[in-house]
Amino acid sequence: MATTTGRASRTARDGAAGAEGSRGHRGRRPGPVRRLLSQHWYAWAMTAPVVIVVGVLVGWPLVRGVYLSLTDATEATVGRTIGVNVIPARYEFVGLENYVDILTSSLFWGRLAWTVLWTVACVGLHYGIGLGLAMMLHRRLRFRSVYRVLLILPWAIPGFVAAFIWRYLFNSDYGVINAMLKAAGLGAVGWLDDPTTAKIAVIAVNVWVGVPFMMVALLGGLQSIPAELYEAAEVDGATPWQRFRHVTLPGLRSVSSTVVLLGTIWTFNMFPVIFLITRGGPGTSTEILVTYAFREAFTGVRNYSGSAAWGVIILLLLVVMAVVYRRALRKQGEVW
């Protein structure tokens, strides 16, 4: 009887321990990755094809470019196939030599200075003109819908088409702009023949191309600001400037932070306007970083490794700029 009772008590204790272990195993919280996949599996399934395509189309070329930037690959040393003859690659790993050559050259710093000036001027004009037009179209005007369509048209025109049109307009001999100047009794201007006027010309074209996007984005931001804020400010006796400063600008802060960042990235890499209008000229006065990287890879003796290094440096500059910009917004209380 005592033996039977002992066995029963041990069995009960083992069963209780097993049940407790089972409850502990079931009660253990899953890890963050497992929890994320279990809760949002449908979203991950829907986005997986896009992630795979982007990884193949963007990730692999990026990795390949970084690898080439660490070699001495040129047109003469890369592998290629000519007919039935297969020429193997003969380039070698050189480490950071390409980066050192670029960063220690005055060529890079000259291009960087003009690229920064070009970006700041264009984005500043984009935002200022776009905000002015957005505020105008936000008011009740006759034919407001027609004005909106006309102002959005430059954005709808492909970049290379706009560049060719403006190249014709700026032509020194038979351009429309010089024809208008001559009709007004003024002398013709060699817009694309002088470094200063060429820089003004490409900035003007890029502003014409980029203002519609800024205008549409800011117009949407203006329409999201509650009208009650303006009414309360007007009742309090605020002037139009005070309403603009203390109601409009704070209401547009989240939209402005996004469009300014996007505009900076797009303008920093605006290849078509520079290349198709001036081809970096006269000389190299209007050449920005991306056009020079293109020239390294596809003109003259093709320096693939040098061009890849230029591309990686451009990417790093934009990443650093975006990180600094994001931290500045977070310090101001913006969530982005």
Check the pair F213 / W266 against side-chain contact (heavy atoms from CB on, under 4.5 Å), numbers first and verdict last. CA-CA 12 Å; F213 165 76; W266 291 340; 3.5 Å; yes

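- Tracing side-chain contacts under 4.5 Å through hydrophobic residues (I, L, V, M, F, W, Y), one reaches F164 starting from I274; they form part of the same cluster.
- Across A73 and V78, no two heavy atoms sit closer than the pair CB-CG1, 4.0 Å.
- M215 pairs with exactly one of I152, I129, L131, V259 by the side-chain contact (heavy atoms from CB on, under 4.5 Å) rule, that one being I152.
- Side-chain atoms of R295 come within 3.5 Å of backbone atoms of R279 as a donor-acceptor pair (strictly under, hydrogens ignored).
- Taking every heavy atom of both residues into account, A188 and K182 meet most closely at CB-CE, 3.6 Å.
- Put simply, the side chain of Y230 reaches to within 4.5 Å of the side chain of I225, judged on heavy atoms.
- Between the side chains of Y91 and T74, no donor-acceptor pair of N or O atoms lies under 3.5 Å.
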Is there a side-chain contact (heavy atoms from CB on, under 4.5 Å) between H126 and N206? Walk through the geometry before answering. CA-CA 9 Å; H126 284 166; N206 194 53; 3.7 Å; yes

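- With D236 contributing its side chain and A238 its backbone, the two residues share no donor-acceptor pair below 3.5 Å.
- Within the 4.5 Å cutoff, side-chain heavy atoms of L289 are placed close to those of L317.
- Other residues, nucleotides and ligands contribute at most 12 non-hydrogen atoms within 6.0 Å of the CH2 atom of W191.
- P282 and P195 make their closest contact through CG-N, 3.6 Å (heavy atoms, listed as atom of the first residue, atom of the second, distance).
- Below 30°, between 30° and 60°, or above 60°: for F275 and F294 the angle between ring planes is above 60°, a perpendicular geometry.
- Taking the side chain as every heavy atom from C-beta outward, L112 and W109 approach each other to under 4.5 Å.
- Atom CG of L229 and atom NE2 of H246 lie 13.5 Å apart (nearest 0.5 Å).
- Between L261 atom CG and S256 atom OG the span is 12.5 Å, to the nearest 0.5 Å.
- Using a distance-only test at 3.5 Å, with no hydrogens or angles considered, a donor-acceptor pair links the side chain of T286 to the main chain of G281.
- At a threshold of 4.5 Å between side-chain heavy atoms, the hydrophobic network of Ile, Leu, Val, Met, Phe, Trp and Tyr places L68 and L316 in two separate groups.
- Taking 4.5 Å as the limit, every side-chain heavy atom of D72 sits out of range of all side-chain heavy atoms of E97.
- Note: M136 CE to L219 CG = 10.0 Å, rounded to the nearest 0.5 Å.
- Under a hydrophobic-cluster definition in which Ile, Leu, Val, Met, Phe, Trp and Tyr are linked whenever side-chain heavy atoms come within less than 4.5 Å, directly or via other members, I157 and F170 are assigned to the same cluster.
- Counting only heavy atoms from C-beta outward, the side chains of L96 and L70 approach each other to under 4.5 Å.
- R167 and L192 get closest at one heavy-atom pair: NH1-CD1, 4.2 Å.
- Crowding of M180 atom CE: a count of heavy atoms from other residues, nucleotides or ligands under 6.0 Å not exceeding 12.
- Side-chain contact between M135 and F244: present, with at least one pair of heavy atoms (C-beta onward) separated by less than 4.5 Å.
- Here the side chains of W118 and F268 are not in contact, with every heavy-atom distance at 4.5 Å or above.
- Taking every heavy atom of both residues into account, A121 and I203 meet most closely at CB-CD1, 4.1 Å.
- A pairwise comparison of heavy atoms in V202 and I277 identifies CG1-CG2, 4.3 Å as the closest pair.
- The closest side-chain donor-acceptor pair between S257 and Y325, if any, does not fall under 3.5 angstrom.
- F160 CZ: 12 or fewer foreign heavy atoms inside a 6.0 Å radius.
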Evaluate the criterion side-chain contact (heavy atoms from CB on, under 4.5 Å) for residue pair W310 and F108; output intermediate values, then yes/no. CA-CA 9 Å; W310 279 82; F108 168 77; 3.8 Å; yes

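- The main-chain N or O of S172 is found under 3.5 Å from a side-chain atom of N178 such that the two form a donor-acceptor pair.
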Go through it in stages, so that I can follow the logic: the residues are T115 and I314, the test is side-chain contact (heavy atoms from CB on, under 4.5 Å), and I'd like the CA-CA distance, side-chain angles, deciding distance and then a yes or no. CA-CA 11 Å; T115 304; I314 293 170; over 6 Å; no

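- In this structure, CZ in R111 is found 7.5 Å from OG1 in T291, a value given to the nearest 0.5 Å.
- Distance check: Q242 CD to E234 CD gives 12.5 Å after rounding to the nearest 0.5 Å.
- V320 and V290 are not part of a single hydrophobic cluster, where members link through side-chain heavy atoms under 4.5 Å apart.
- A continuous path of hydrophobic side-chain contacts links L153 to L218 [ILVMFWY only; heavy atoms under 4.5 Å].
- Atoms OG1 and CG, on T119 and N269 in that order, are 8.5 Å from each other to the nearest 0.5 Å.
- L151 has its side chain within reach of L137: a pair of non-hydrogen atoms, C-beta onward, lies under 4.5 Å apart.
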